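Reviewing the structure listed below.
Predicted, not measured: the structure shown is a model, and the values here were computed from it.
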Amino acid sequence: MFRLSRSAAEEAKRSSDPMKGLLRHELMENLRMLMNGLSMRERQIFEAHFFSELSPSEIATLFGMTTANVYNLLSRSRVKVQKERIRVSIRNYVQQRAETGQKRVHILRAPHI
């Protein structure tokens, strides 16, 4: 993650389009936020698989674990990241509604049966 954010910063400096750099920075911040729910070991394995593109057998060798454990950790990490993404999306939605002065709660009408 550190390597990605450093390369994003370097690319932003080289790019003549400031919007592109800003979007890349925002993407890195969002990724960092989504990975907050992972433990240090889960984060290291997640980053090794998705960012360094190591295979599960390479990760197992690197961390001294079985390939089955790597698959389990990756699966649990994906679920945690998805839940965090949903939580962040809901928080952003509520915050946006509050900033625009809309009601915090929207009560639906009873269905006509």
Side-chain angles (χ1 to χ4, degrees):
M1 195 66 175
F2 174 73
R3 186 175 31 149
L4 280 175
S5 88
R6 188 174 61 208
S7 70
E10 290 171 3
E11 187 177 319
K13 288 178 187 176
R14 284 181 279 154
S15 176
S16 61
D17 184 11
M19 188 62 153
K20 194 174 188 180
L22 182 63
L23 288 173
R24 183 144 175 106
H25 177 72
E26 187 177 325
L27 174 66
M28 294 308 298
E29 285 300 315
N30 288 338
L31 281 173
R32 198 174 290 122
M33 189 181 348
L34 291 177
M35 293 177 64
N36 279 341
L38 301 178
S39 70
M40 180 61 79
R41 186 170 183 88
E42 289 170 332
R43 183 177 298 147
Q44 289 171 338
I45 291 171
F46 191 86
E47 288 177 0
H49 182 68
F50 291 102
F51 300 131
S52 299
E53 298 179 0
L54 296 177
S55 70
S57 60
E58 292 171 324
I59 295 170
T61 304
L62 184 66
F63 288 97
M65 54 193 331
T66 67
T67 306
N69 284 347
V70 172
Y71 279 112
N72 284 331
L73 270 169
L74 287 172
S75 176
R76 282 187 293 220
S77 297
R78 277 189 200 111
V79 169
K80 285 182 178 182
V81 168
Q82 283 178 328
K83 285 182 180 180
E84 183 67 14
R85 184 179 61 84
I86 291 168
R87 190 188 67 74
V88 167
S89 295
I90 291 172
R91 187 190 71 213
N92 289 343
Y93 174 74
V94 169
Q95 184 179 11
Q96 180 186 19
R97 286 182 63 86
E99 288 172 357
T100 59
Q102 297 175 342
K103 294 180 185 177
R104 289 187 69 177
V105 178
H106 182 73
I107 301 173
L108 300 175
R109 283 184 258 142
H112 297 282
I113 301 178

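Annotation: the span from Arg97 atom CZ to Asn92 atom CG amounts to 14.0 Å, rounded to 0.5 Å. Atom OG of Ser39 sits about 8.5 Å away from atom CD of Gln44, to the nearest 0.5 Å.
The shortest heavy-atom contact between Arg41 and Phe63 is NH2-O, 3.4 Å.
Under the 3.5 Å distance criterion, the side-chain polar atoms of Arg85 are left unmatched by any main-chain donor or acceptor of Leu34. Proximity of a side-chain donor or acceptor of Glu58 to a complementary backbone N or O of Ser55 within less than 3.5 Å is detected. The backbone N or O of His49 sits nowhere less than 3.5 Å from a side-chain atom of Ser52 that would complete a donor-acceptor pair.
If you chain together hydrophobic residues whose side chains sit under 4.5 Å apart, Ile59 and Met40 never meet in one group. There is a path of hydrophobic side-chain contacts, each under 4.5 Å, that joins Phe51 to Leu54.
Every residue meeting the salt bridge (charged side-chain N to carboxylate O under 4.0 Å, His left out) condition with Glu84, not counting sequence neighbours, appears here in chain and number order: Arg87.
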Ignoring hydrogens and angles, write down the donor-acceptor pairs under 3.5 Å from the side chains of residues 64-75, residues two or more places apart or on other chains.
{"residue": "Thr66", "atom": "OG1", "partner": "Asn69", "partner atom": "N", "Å": "3.1"}
{"residue": "Thr66", "atom": "OG1", "partner": "Asn69", "partner atom": "ND2", "Å": "3.4"}
{"residue": "Asn72", "atom": "ND2", "partner": "Ala68", "partner atom": "O", "Å": "3.4"}

Legend entry - side chain to side chain contact (heavy atoms under 4.5 Å, CB included) between Arg43 and Asn36, intermediate numbers included: CA-CA 9 Å; Arg43 183 177 298 147; Asn36 279 341; 4.2 Å; yes
Inset, instruction - Test side chain to side chain contact (heavy atoms under 4.5 Å, CB included) on Phe50 and Arg78 and set out the steps. - result: CA-CA 11 Å; Phe50 291 102; Arg78 277 189 200 111; 3.4 Å; yes
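Annotation: side chain of Ile45 is not in contact with side chain of Glu42 (no heavy-atom distance under 4.5 Å). A heavy-atom distance below 4.5 Å is found between the side chains of Glu47 and Met35.
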